[in-house]
Amino acid sequence: MTPEQLRDVVRSAVASAVERGALAVAVPDDVVVDRPKNPEHGDYATNLALRLAKAAGRPPREVAEVIAAELRQQPGIDAVDIAGPGFLNVRLAKAALGQVALQAVAAGKAYGRTEMLAGQRLNLEFVSANPTGPVHIGAVRWAAVGDALGRLLESSGAEVTREYYFNDAGAQIDRFARSLQAAAQGRPVPEDGYAGAYIDDIAAEVVAAEPGLAERADDEQLAVFRSRGVELMWVEIRSSLSGFGVVFDVYFSEWTLHEAGALEKAISRLREQGHVFEADGAIWLRTTTFGDDKDRVLVKGDGEPTYFAADCAYYLNKRERGFDKVLIMLGADHTGYVGRYKALVAAFGDDPDTNLEILIGQLVNLVKGGEPVRMSKRAGNVINLGDLVEAIGADAARYALARASIDQQIDLDLDLWSRQTSDNPVFYVQYAHARIASLLRAASDLGLVLGEPADVDPALLATQRESDLLRAIAEFPQVVASAAELRAPHRVARYLEELAGTYHRFYDACRVLPRGDEEATTLTTARLWLCAATATVLRNGLAVLGVHAPERM
RNA sequence: GCCCCCGUAGCUCAGGGGAUAGAGCACUGCCCUCCGGAGGCAGUGGCGCAGGUUCGAAUCCUGCCGGGGGCACCA
């Protein structure tokens, strides 16, 4: 029995108490069932009685007593104790708990999936780095976390479109093109341009691909550097991302919005809503109506639309594609966007609290040898995605970036994460999986097979360490669901570390395979199922994070 | 000045109002003639400060201190 299943049982116990007049409360639908830290507190605990006490007008322990009496009638429940101020501590029947191992193995990849977000169409935008340079370290965090979040939302039943928006229109692309041209001509890059070895490389590639380029007129050259350069940069970005295991469903070009007249359309739509005005020769959106700090310019005095105007058009485009909600992951250096973005959503007549969700994540500092790694674009020593993968590997990088809350600035120690030792949390988790894989191979060599669930006696999994492991396995679906709801993939990573530890302790205490010339027993079979169930959860959890679950290490 | 995020063990970080605040690493001492010791057990050690709400606060509210980020007709 998993905590969710128990939650239903508890709810019906309350309903039954209410029905027979023993309790005068509304049956709550947000019953909290959790796994107590202290094993003396049973397999699961709920604070329900504490929560209902006020509504029932009775002391918590008295309410607890009523619910406990009902609960004790339910199948699969061994004992119900009342503790402390009124906690209900539930001990499951051994078979009911052991059953979890069978459920997990039978469900396989589906174990942990829920339908919590079924029917929701979500657009998840992240990374969205401009094609003027490689994906730098700051954006890599969003690649890891955003991709994991996408998997998490899908695991909860949502239909997710991962989207990368790239700004291929506007001034910084001009600067990029001029930088390439300067590099090709052996001149220093312009003051406001882009520097770095990659500029020289791409300039050389453009020159090689376009014979006779040097003889053409200056503005013609620039156009070539612009289109070819962006294209090449774009290829590099996509390939570094795919080397990181991140592939988007949609790569959305800002230029296509300009081309299609989407900006004008968005502006006129906003005008119809009555939020557009002109002042100082520019066209503005009155975002202050919707709580923004100041109004925002849509079209500048020189007639050029702003980036913000493109944001409006892009948002409208997403909504027209039928997404219920637009999620955008941004770094803390874009905090200033939130107010204006919420306002533009409201200006279109949408609800910024339901149609939009902006996730702001804090920045990453790199550390090496205990010292912060100083990066400067000008000096060209910026660490980009490719460098990071080369330094510590894609699995370690993804795991390191995804295991911390996005609200937390993190120090990423390149020395630590490049070590192939147990210092490194990702190895701790992966090792647990490899260890089980090895054990299952050994079992198979002995001719031992899992067989059918009906032939397993789950009540045999009765020791403390086995129960601990079963409870941890049972918790996984709830971990996935709450991580999705809270947009917090790191919870999955932390859970996996705990699960790995719980498995190692089980392994240490419980012999699985027969020794020497002993015969396999029904306990052997039950424990093999428990191992297989653990491996299933480790695989599914690592899959959410986009990290491999190795069979061998 | 205003807005956002964060201050938890020596270090890197978990802790969505609940019971004795956790993990990994580091440090000290241990553990299988046996399935992967990349493991396990035990010990040392902590909620920035001050108020408030609550039966109960690391968690919610206010103030202060400290760190990071943001406040463009830039993208």
Side-chain angles (χ1 to χ4, degrees), chain A residues 32 34 36-38 40-41 45 47 50-51 53-54 59-60 83-87 89 130 132 167 169-173 175 192 254 279-284 293-294 296-302 304-308 310 331-339 360-363 365 367 370 400 403-413 416-417 419-425 427-428 430-432 434-443 446 465 482-483 485-486 488 490-491 493-495 497-498 500-501 503-516 518 527 531 552-553:
Chain A
V32 176
D34 54 22
K37 277 164 283 188
N38 188 336
E40 286 170 21
H41 295 147
N47 61 1
L50 290 164
R51 291 174 174 278
K54 197 167 276 180
F87 290 103
N89 292 335
N130 290 339
T132 52
N167 182 285
Q172 85 288 3
I173 294 288
R175 288 204 281 273
D192 60 352
E254 183 196 343
D280 305 327
I283 299 174
W284 299 67
D293 297 337
K294 56 192 74 170
R296 305 291 169 177
V297 172
L298 290 167
V299 181
K300 296 187 270 187
D302 63 6
E304 287 296 312
T306 60
Y307 190 80
F308 181 63
D333 52 340
H334 287 74
T335 313
Y337 271 35
V338 178
I360 295 291
Q362 302 301 311
L363 306 177
N365 299 309
V367 175
R403 87 188 275 270
S405 154
I406 62 167
D407 289 335
Q408 190 74 243
Q409 293 176 39
I410 52 174
D411 289 339
L412 199 153
D413 186 330
L416 167 66
W417 291 95
R419 256 174 256 157
Q420 309 271 312
T421 67
S422 61
D423 302 11
N424 189 334
F427 279 88
Y428 184 78
Q430 289 184 315
Y431 175 69
R435 197 180 213 189
I436 298 171
S438 163
L439 188 147
L440 294 176
R441 279 193 300 273
L446 292 171
R465 297 287 173 83
S482 66
E485 191 186 344
L486 295 170
H490 74 279
R491 284 174 172 253
R494 298 303 176 139
Y495 163 82
E497 288 168 29
E498 193 186 322
Y503 180 78
H504 289 311
R505 280 184 284 279
F506 153 80
Y507 181 90
D508 201 58
C510 300
R511 176 77 198 185
V512 178
L513 299 178
R515 304 162 197 252
E518 289 174 1
R527 286 182 172 168
C531 291
R552 297 185 159 81
M553 292 173 69

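We name chains A, B, ... by the order of the sequence lines, and we start the count at 1 in each one. It should be emphasised that the depicted structure is a prediction, and the values quoted were computed from it without experimental measurement. All heavy atoms count here, side chains included; hydrogens, waters and symmetry mates do not.
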My understanding is that only residues two or more places apart in sequence, or in another chain, count here; which of them pass ring pair (Phe, Tyr, Trp, His ring centres under 6.0 Å) with [X]?
| X | result |
| --- | --- |
| A:Y431 | A:H504 |
| A:Y307 | none |
| A:Y503 | A:F506 |

Which whole-number value in Å describes the distance from [X] [atom1] to [N] [atom2]?
| X | N | atom1 | atom2 | value |
| --- | --- | --- | --- | --- |
| A:N424 | B:A23 | CG | P | 19 Å |
| A:E518 | B:C35 | CD | P | 13 Å |
| A:I410 | B:U8 | CD1 | C1' | 17 Å |
| A:R403 | B:G22 | CZ | P | 18 Å |
| A:I360 | B:G69 | CD1 | P | 15 Å |
| A:I406 | B:G69 | CD1 | C1' | 14 Å |
| A:Y431 | B:G40 | OH | C1' | 11 Å |
| A:F427 | B:G24 | CZ | C1' | 14 Å |

Original post:
Is the phosphate of B:G22, meaning OP1 or OP2, less than 4.0 Å from a side-chain N or O of A:Y495?
Top reply: no

Original post:
For B:G69, does OP1 or OP2 lie under 4.0 Å from any side-chain N or O of A:Q409?
Top reply: no

**OP:** Under the side chain to side chain contact (heavy atoms under 4.5 Å, CB included) rule, what do A:Q408 and A:H490 come out as? Steps first, then yes or no, please.
**Re:** CA-CA 11 Å; A:Q408 190 74 243; A:H490 74 279; over 6 Å; no

Who is the Watson-Crick or G-U wobble partner of [N], with both distances under 3.5 Å?
| N | answer |
| --- | --- |
| B:C2 | B:G70 |
| B:C41 | B:G29 |
| B:G51 | B:C61 |
| B:U12 | B:A23 |

With sequence neighbours left out, what residues match [X] under side-chain contact (heavy atoms from CB on, under 4.5 Å)?
| X | value |
| --- | --- |
| A:A282 | A:W284, A:V297 |
| A:R441 | A:A437, A:S438, A:E551, A:R552 |
| A:E304 | A:K300, A:D302 |

Can you check the distance between [N] and [M], where both ends of the measurement are the [atom1] atom (answer in whole Å)?
| N | M | atom1 | value |
| --- | --- | --- | --- |
| B:C3 | B:G22 | P | 37 Å |
| B:C65 | B:C49 | C1' | 7 Å |
| B:G10 | B:A50 | C1' | 27 Å |
| B:A38 | B:G45 | C1' | 26 Å |
| B:G17 | B:C25 | C1' | 31 Å |
| B:G36 | B:U20 | C1' | 35 Å |
| B:G67 | B:U53 | C1' | 28 Å |
| B:A57 | B:C47 | P | 16 Å |

Original post:
How does protein reach along nucleotides 15-20 of chain B, written 5' to 3' as B (base within reach of a heavy atom under 4.0 Å), S (only sugar-phosphate), or - (no contact)?
Top reply: SB-BBB

Subject >> Protein-to-nucleotide contact annotation, 5' to 3' order, nucleotides 70-75 of chain B [B base; S sugar-phosphate only; - none; under 4.0 Å, heavy atom] >> reply: SSSBSB

Original post:
Base, sugar-phosphate alone, or nothing: which one does A:C531 contact when heavy atoms must sit under 4.0 Å apart?
Top reply: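 If one applies the 4.0 Å heavy-atom cut-off, A:C531 turns out to touch nothing in the nucleic acid.
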
Original post:
Just checking A:R515: base, sugar-phosphate only, or nothing, at a heavy-atom cut-off of under 4.0 Å?
Top reply: base

**OP:** Compare every heavy atom of A:T132 with every heavy atom of A:Q172, then report the nearest pair and how far apart it is.
**Re:**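 Smallest heavy-atom distance, with atoms named: O-CG2, 3.8 Å.
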
**OP:** Would you indicate whether the side-chain heavy atoms of A:P425 and A:W417 approach each other to under 4.5 Å?
**Re:** yes

**OP:** Take A:E497 and A:R552, find for each the nucleotide of RNA chain B with the closest heavy atom, and name the residue whose nucleotide sits nearer the 5' end.
**Re:** A:E497

Original post:
What pairs with A:Q430 under side chain to side chain donor-acceptor pair (under 3.5 Å), at least two apart in sequence or on another chain?
Top reply: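 Here the qualifying residues are A:D395.
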
**OP:** Quick one: do A:L513 and A:R511 satisfy side chain to side chain contact (heavy atoms under 4.5 Å, CB included)? Show the steps, please.
**Re:** CA-CA 6 Å; A:L513 299 178; A:R511 176 77 198 185; 4.2 Å; yes

